[in-house]
Amino acid sequence: MKSWSVCLLIPVLVLAAGCRRVADQPVDTSQLPLAVGGVVPGPLAVTHGGVGSPPEWSTMTQEAADGAMAQLVATDDALEGALAGTVVMENNPVFNAGTGANIRLDGKTIQMDAALMTSEGDFAAVAVIERVKNPILVARKVLDTPHRMLAGEGATRFAHVLGFADIVPTCPEAEAKFHKRWQRLLDGVAGGGYDHFDWRRAWNFPGPLPEDAARDGGPAGPETGDTVGTVTRAVDGTFAVTLSTGGTSITLDGRVGDVPIYGCGSYAGPAGAVACTGHGEEIIRQMQARTVYNLMAGGLSAQEAVARAAAAFPPEWSVGLIAVDAHGWGVAANRQMAYGVASR
Ligand code: ASP
C-alpha cells in the first residue's frame, strides 16, 4: 500500500471507530417516536422532563424553557439560564427531581444527583445528596469550591452549612410512585435488570425490607417522568447544561447513575451542550453525552446527533436526549418525552 493511501485510510478508520461508539451500522432514525429540531439564532433554551414523560406535560417543560429564557435574557449567561430551567422542574412534583424525586425502596430515603457544565469546561456535581429541595443549586455551589463533586452525607451537610433548608423534598405524587414501584417489583415487571436480579439477597438499606409497601399501590402502570435537564445557548454563543434526578426507579442503597458522572449524563463544550435521560447504566457505558457532543464537534447538527444516538441506543433501554449547537437545537428519544424550546 502506498504511503499516501495509508495516510488517507487512518483518519477514515479512526472516524469509523468513533462512530461505532454510537452505532455499528448506519442508523435508521425514521422509527424514533421523537426526533425533532430546528435552526434558531440568538439565545436558546431546551428542556426535557425525562424519558417516558407524556407529551401532555410539555406545558410544564415549556414553562421551564421559558424560565430559562427569562434568565438568559436578563443575565446573558448560559449557566444562569440552564439553572433556572432545571429549578422550575425540580420545584414541580410531577418530575423525578427535587420535590418529586423518587423515594428509594426502603420507603424512607430520597437520594438525588445533579450536575452542570459550561462550554468553558466548568463541571460540578452532587451525588446521593439528601434533604435539599434543589440539588442543582447545590451543584452550582460546588463550582465555587476547589472540588468538582461532593457525594453522600458530605454533600448534604455542605448544602445545609451554606444555608439550604434541611427538608425531605417529598410529595403525594412521589409516595404514589413508590407504592406502584413496589407492586411492579413484586409482579416481576420492574425492568432495569431487576427481573433477573436477587434484590432481596442484595438488600443493603439500613432498615428491613418494607414487605407491605405495595399495599396502597393501585394498578401497576408504567412510570412516567424522570430526570430533568436544560441546555442553553447565550447570545454570545456560549453553552451550558444542567441535569437533576431522583435516580432510577428501583435501586440498591447508594446507587449512582449517569447524571453526576462527567461526560455521561451531560456535557458542554465550544460546539454545544447535551443532556441525557434514561437508563443510567447504559448511558454510562456509552459515555452518552460526550459521544453526542463529539458527533456535533465532528460536524453533525444537534438534531442529527441526538437522533442518531437515540436510534442507536439498545431498544430495550429507554433514552432521551436534548442538545443545542451554534445553529439550533435537537430533541430525540426512543420513548415518549415532554420537552420545551424557547428562543428570542
Ligand atoms: N438517567 C437517570 C439515572 O439513571 C434516570 C433517568 O433519566 O431516567 O439516574
Supply the atom-to-atom distance [X] [atom1] to [Y] [atom2], rounded to the nearest 0.5 angstrom.
X: I250; Y: L185; atom1: CD1; atom2: CG; answer: 4.5 Å
X: I284; Y: C264; atom1: CD1; atom2: SG; answer: 5.5 Å
X: D258; Y: T227; atom1: CG; atom2: OG1; answer: 6.5 Å
X: W317; Y: R285; atom1: CH2; atom2: CZ; answer: 10.5 Å
X: F313; Y: Q286; atom1: CZ; atom2: CD; answer: 5.5 Å
X: L72; Y: R344; atom1: CG; atom2: CZ; answer: 9.5 Å

Carboxylate-amine/guanidinium contact R308 E304, below 4.0 Å: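 The answer is no: the pair does not qualify as a salt bridge.
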Salt-bridge present (E281, R255; N to O < 4.0 Å): yes
Taking all atoms of both residues into account, what is the closest heavy-atom pair of [X] and [Y], and its distance?
X: R335; Y: E316; result: NH2-O, 3.5 Å
X: A115; Y: A125; result: CB-CB, 3.9 Å
X: A338; Y: S53; result: N-OG, 2.9 Å
X: A302; Y: G330; result: CB-N, 3.9 Å

Non-neighbouring partners of D236 that pass salt bridge (Lys or Arg N to Asp or Glu O under 4.0 Å), sequence neighbours left out: none
N102 (side chain) donor-acceptor with G247 (main chain) under 3.5 angstrom: yes
Can you find a pair of side-chain heavy atoms, one from [X] and one from [Y], that are under 4.5 Å apart?
X: Q288; Y: Y267; value: no
X: L143; Y: L79; value: yes
X: L34; Y: Y339; value: yes

Between [Y] and [X], is there a side-chain donor-acceptor contact under 3.5 Å, judged purely by atom types and distance?
X: Q111; Y: D253; value: yes
X: T47; Y: T61; value: no
X: S244; Y: E90; value: yes
X: E120; Y: T118; value: yes

Residue pair T230, T86: steps toward the side chain to side chain donor-acceptor pair (under 3.5 Å) verdict: CA-CA 6 Å; T230 307; T86 288; 2.9 Å; yes
